[in-house]
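These numbers come from the heavy atoms of this one structure, side chains and all, not from hydrogens, waters or symmetry mates.
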Amino acid sequence: MNISKQLPQDIDIPSSTSATDSETESISTGSYSWETTDIVEPHVGYKKVLVTGGAGFIGSHVADVLLERGDDVVIIDEMNDYYSLDIKQSNLKLLQSKYGNDRLKI
């Protein structure tokens, strides 16, 4: 099964108004180009995801979304006092109560 495919070569690329002639020349004549790069299809299905900072606001919400869609999550957090440790512990307890410890590792 081929999981990568080539971009079509007939894509119309708009010219940049901020690039100089030398920048444009180096982009179009370079040995690497996005036009010739293989595209890797995204992984679908089950994942085990490491979330760093998972006790904080953003990390706990990311972990919640991942767990909600069926992935397993491993959370690593330094638990420093940048903001309230009580809030961070509460975020982790909420995730544990919602998803249990089978799919969530802290």
Side-chain angles (χ1 to χ4, degrees):
M1 178 171 91
N2 185 2
I3 63 170
S4 63
K5 57 185 170 186
Q6 197 75 10
L7 282 172
Q9 296 299 316
D10 60 348
I11 295 175
D12 185 19
I13 304 168
S15 62
S16 171
T17 57
S18 62
T20 65
D21 289 340
S22 63
E23 289 172 332
T24 304
E25 182 179 324
S26 68
I27 291 169
S28 62
T29 60
S31 60
Y32 295 103
S33 168
W34 68 269
E35 294 174 310
T36 58
T37 302
D38 288 340
I39 296 177
V40 177
E41 295 294 325
H43 174 78
V44 292
Y46 165 81
K47 296 180 185 83
K48 182 173 280 198
V49 183
L50 172 67
V51 178
T52 59
F57 178 79
I58 295 171
S60 63
H61 283 80
V62 168
D64 188 35
V65 169
L66 293 168
L67 287 159
E68 182 71 31
R69 76 177 191 184
D71 298 325
D72 288 355
V73 172
V74 176
I75 291 178
I76 296 178
D77 199 297
E78 182 185 6
M79 298 297 285
N80 62 32
D81 59 357
Y82 184 72
Y83 71 90
S84 173
L85 288 175
D86 291 336
I87 293 173
K88 290 181 176 188
Q89 290 169 345
S90 175
N91 290 341
L92 294 175
K93 285 180 186 175
L94 179 64
L95 288 170
Q96 285 178 318
S97 68
K98 191 172 179 181
Y99 299 103
N101 290 322
D102 291 337
R103 295 182 36 235
L104 173 65
K105 305 293 181 201
I106 301 173

Open item on the list: Test question: given the 4.5 Å side-chain rule for I, L, V, M, F, W and Y, name all other residues clustered with V74, or answer none.
Closed with: L50, I76

Task: With E78 via side-chain contact (heavy atoms from CB on, under 4.5 Å) - residues at least two apart - done: N80

TODO: Quick one: do Y46 and D72 satisfy side chain to side chain contact (heavy atoms under 4.5 Å, CB included)? Show the steps, please.
DONE: CA-CA 8 Å; Y46 165 81; D72 288 355; 2.7 Å; yes

TODO: Looking only at non-hydrogen atoms, find the nearest pair between M79 and A55 and report the distance.
DONE: SD-CB, 3.6 Å

Task: Main-chain N/O of V73 paired to R103 side chain as donor or acceptor, under 3.5 Å - done: no

TODO: Mind checking the CG-CD1 spacing from L92 to I87? Nearest 0.5 Å is all I need.
DONE: 12.5 Å

- [ ] Check whether any side-chain heavy atom of L95 lies under 4.5 Å from a side-chain heavy atom of I75, and answer yes or no.
- [x] yes

Task: K93 atom NZ, over 12 foreign heavy atoms within 6.0 Å - done: no

TODO: Please list all pairs passing the side-chain hydrogen bond (donor to acceptor under 3.5 Å, both in side chains) test where one or both residues lie in residues 56-67, with sequence neighbours left out.
DONE: D64-K98, D64-Y99

Task: Partners meeting side-chain contact (heavy atoms from CB on, under 4.5 Å) with D102 (sequence neighbours left out) - done: none

Task: Shortest non-hydrogen separation from N101 to Q96 and the atoms involved - done: OD1-NE2, 3.3 Å

- [ ] Hey, could you give me each pair passing ring-ring contact (aromatic ring centres under 6.0 Å, His included) that has a residue in residues 65-89? Not counting sequence neighbours.
- [x] none

Task: All side-chain contact (heavy atoms from CB on, under 4.5 Å) counterparts of S97, not counting sequence neighbours - done: L94

Open item on the list: Within the supplied structure, the quantity of interest is the number of heavy atoms (other residues, nucleotides, ligands) at a distance under 6.0 Å from K105 NZ; does it exceed 12?
Closed with: yes

